[in-house]
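Structure first, then comments.
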Amino acid sequence: MTTNDSGEINSEEIVRDPVSLPLIITVGDLAELLQESQVEVIKALMKQGVMASVNQEVDFSIAARVAQSFSIPVIKPKESLDNEDALNVGSSIDTSEMNKGEKRAPVITVLGHVDHGKTTLLDAIRKTNDVEKEEGGITQKIGAYQVRHNKSELTFIDTPGHEAFSSMRISGTSVTDIVILVVAADDGLMPQTIESINHAKNANVPIIVAVNKCDLEGADVDKVKGQLTEHELIVEDYGGEVLCVEVSALKGKGIDELLESISLLSEISELESNSNLSGRGVIIESYNDPKKGSISTVLVKSGSFNYGDILVSGNNSGKIRQMIDGYGKEVKNAKPSTPIQVMGMGGINQIGEIVEVANSEKEARKLIQQRSRSSQKQTNKITTLSQVVKRAKASREKEINIVIKTGSNGALTAVEQVVNDLTSEDIQVKIISGAVGAVTESDVMLASSAEDSIIVAFQTIVQGGAKSQSEANNIPIRSFDIIYTLVDEIRAIIEGLKGEEKSEVNIGSARILEVFPRGKVQKIAGVRVSEGKILRNARIRVIRNSEIVFDGGVESMRHLTQNVTELTNNLEGGIVLNGYHEIQVEDILECYELK
């Protein structure tokens, strides 16, 4: 690094030291290794079409491309799953040609509200299959469909919807190239439609709108287009760039126009691949057959899968004994964008897991061991709200992403207004989704696809699956029953991002002696104050096994039969925490204030 006559640094002459990347690395560890903020690394991944949260893993090839985007040379590990010719050991890796050379089929996912015609649309598309017309064959359902239109292949993922779609996105692999958003012309945009839009936006995937049921009485296509503008989807008729096709899936009308739109968008995207690399794909579905053993449906993303290849997915491995394509034919080779059934894996794989070809059984075992260690490290890691704020504060863009779920539309409007009122130009608290209902696994997956995210639940419940999913993905869920406590929490987030110096003043502590039910959800903590005092308007931190499991406010406090504002040393009383009802006997309550 040198300086010019004015004493300014000639940044163009800065040479970064090479880094040695492991075969698998989390996004957070990658950011630390590259000495870049997590936000910048997430952005670099998004430019590659990879949506991954800070705790998600990416493989060596993806991490190497991220390093290259920061002009950082990469040293290749001795044992890698990548093709030898694709990497240049000890120097900056030229990956520009790694996924180029061959045109590949687009991968399309159909999303939309229940009963708006997703399944009927897929059925109508399958009936147009040129292969079926020419050969009389029917495409088999193996979790994905591949049809031929005007001599071009189109791959459709047939999934249960948002859960599979999101889990594939957050797995660190770009699965979908195009999303078809199905909207019924007689219903318009519904809650699940809006959720679909949020998923596609967070995944940074182009959208084609299919306005279905246009032949029904009460259909209002213009109303649908107007509603789409409210969610920043501007169709071509309104001067935007979003393709919109009117269809009747039941009668087969408009299907050819929809397929033409897909082909057009695919051409514009210039989707290419390199089938000469070692195979890498994504699990679409997996199950155990009593006669054939473990069967996994795989969507090939890059490289090729060949008969006899050794595969690794999660903690499972095995040799390909048989591959079946979408037409029920046994194949020896599968190229990018091809859906295949694979027999030979050692166990059941999770939807969205990456599956890749290893050079040997020894290499497969080593990779599984590395993943097990990394998984254990992640399992032991608990993300609290304060940690999320700390990460966002350290990033270049001070931003927190929030998913809001409430018990009513009125409450949703109130919470959204609170967030918008507290957000400033310098500090952004961005609502990536707001809806009425319980917090579900889909909400957690949506939050996982954006950096520095939390879920706010106001006067609603958190489903059990969402709780376990939030722990697995390190997404804090904060539940509130009182609006002013929620306001204080959001304000604390913003003040934390502003970097305002605050110190904690310890007031007292108490131990939970008993837990009493209060209604169907709430729990009362029967406590004895062991030190100082517990104040009704102060903050409470719940400590269990030396870990903080809750940090928030108090909803109510009683001594005997009286509502009180404080409990002093050696007194017993009942405390209901605001939005947290998973208290246990022997939990410690620490009371403190921020000054």
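If you're wondering where the values come from, they're calculated on a predicted model, not measured in any experiment. Numbering starts at 1 and runs along the sequence shown.
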message = Once rounded to the nearest 0.5 Å, what's the spacing between atom OG of S433 and atom CG of N401?
response = 11.5 Å
query = Short question: side chain of R558, backbone of V576 - any donor-acceptor pair under 3.5 Å?
reply = no
key: L181 CG to L111 CG distance, which is reported to the nearest 0.5 Å   = 7.5 Å
query = Looking only at heavy atoms, which two atoms of I534 and V529 are closest? And how far apart?
reply = CG1-CG2, 3.9 Å
inquiry  = Does any part of the side chain of L535, heavy atoms only, come nearer than 4.5 Å to the side chain of E593, both counted from C-beta?
reply    = yes
ask   = Checking Q469 side chain against V444 main chain: does a donor-acceptor pair fall under 3.5 Å?
value = no
ask   = With sequence neighbours excluded, what pairs up with F550 under the ring pair (Phe, Tyr, Trp, His ring centres under 6.0 Å) test?
value = Y580
key: Over all atoms of both residues, closest heavy-atom pair of V224 and G188   = CG2-CA, 4.0 Å
Distance in Å, K301 NZ paired with R280 CZ, rounded so as to fall on 0.5 Å steps = 9.5 Å
note = Taken to the nearest 0.5 Å, the spacing of E586 CD from I583 CD1 works out to 13.0 Å
inquiry  = Please identify which of these residues, D186, D187, L121, meets the side chain to side chain contact (heavy atoms under 4.5 Å, CB included) condition with H116.
reply    = D187
query = Taking all non-hydrogen atoms of both residues, which atom of S286 and which atom of S296 are closest, and how far apart?
reply = OG-OG, 3.2 Å
request  = Kindly indicate whether the side chain of E572, heavy atoms from C-beta on, has any atom under 4.5 Å from the side chain of R528.
outcome  = yes
task = Determine the minimum heavy-atom distance between L189 and V183, stating which atoms define it.
result = CD1-CG1, 4.0 Å
message = Can a donor-acceptor pair be found, under 3.5 Å and without considering hydrogens, that links the side chain of K405 to the backbone of A457?
response = no
ask   = In terms of side-chain heavy atoms, does T440 have a donor or acceptor partner in D443 at a distance below 3.5 Å?
value = yes
query = Pick from I475, I432, V456: which one makes a side chain to side chain contact (heavy atoms under 4.5 Å, CB included) with V403?
reply = I432
Verdict with supporting geometry, L265 and D177, side-chain contact (heavy atoms from CB on, under 4.5 Å) = CA-CA 10 Å; L265 196 53; D177 299 309; over 6 Å; no
request  = Mind checking the CD1-NZ spacing from I507 to K533? Nearest 0.5 Å is all I need.
outcome  = 7.5 Å
query = Can you tell me how far the CG atom of L412 sits from the OG1 atom of T406, to the nearest 0.5 Å?
reply = 4.5 Å
inquiry  = L243 vs V209, test: side-chain contact (heavy atoms from CB on, under 4.5 Å). Steps then yes/no.
reply    = CA-CA 6 Å; L243 298 175; V209 179; over 6 Å; no
Atom of G574, atom of I524 and distance for their closest heavy-atom approach = CA-CG2, 3.9 Å
inquiry  = With side-chain contact (heavy atoms from CB on, under 4.5 Å) as the criterion, how do R518 and S556 come out once you've worked through the C-alpha distance, each side chain's angles and the decisive distance to 0.1 Å?
reply    = CA-CA 12 Å; R518 181 189 186 189; S556 63; 3.4 Å; yes
task = Decide side-chain contact (heavy atoms from CB on, under 4.5 Å) for I548 and I543; before the verdict, give the C-alpha distance in whole Å, the side-chain angles of both, and the deciding distance to 0.1 Å.
result = CA-CA 5 Å; I548 300 173; I543 310 295; 3.6 Å; yes
Any side-chain heavy-atom pair of V462 and S479 under 4.5 Å = yes
ask   = Minimum heavy-atom separation for A466 to V439, with atom names?
value = CB-O, 3.4 Å
query = Can you find a pair of side-chain heavy atoms, one from I180 and one from I262, that are under 4.5 Å apart?
reply = yes
Side-chain donor/acceptor of R536 to backbone N/O of E555, under 3.5 Å = yes
key: Over 12 foreign heavy atoms within 6.0 Å of CG, N563   = yes
ask   = Can you find a heavy atom in the side chain of L228 that is under 4.5 Å from one in the side chain of V242?
value = no
task = Step through the shown structure and confirm whether more than 12 heavy atoms of other residues, nucleotides or ligands are within 6.0 Å of CD on Q584.
result = yes
inquiry  = So does R541 get a backbone contact from the side chain of D551, meaning a donor-acceptor N/O pair under 3.5 Å?
reply    = no
message = Closer than 3.5 angstrom, by distance alone: can the side chain of S313 be matched with the main-chain N or O of N316 as a donor-acceptor pair?
response = no
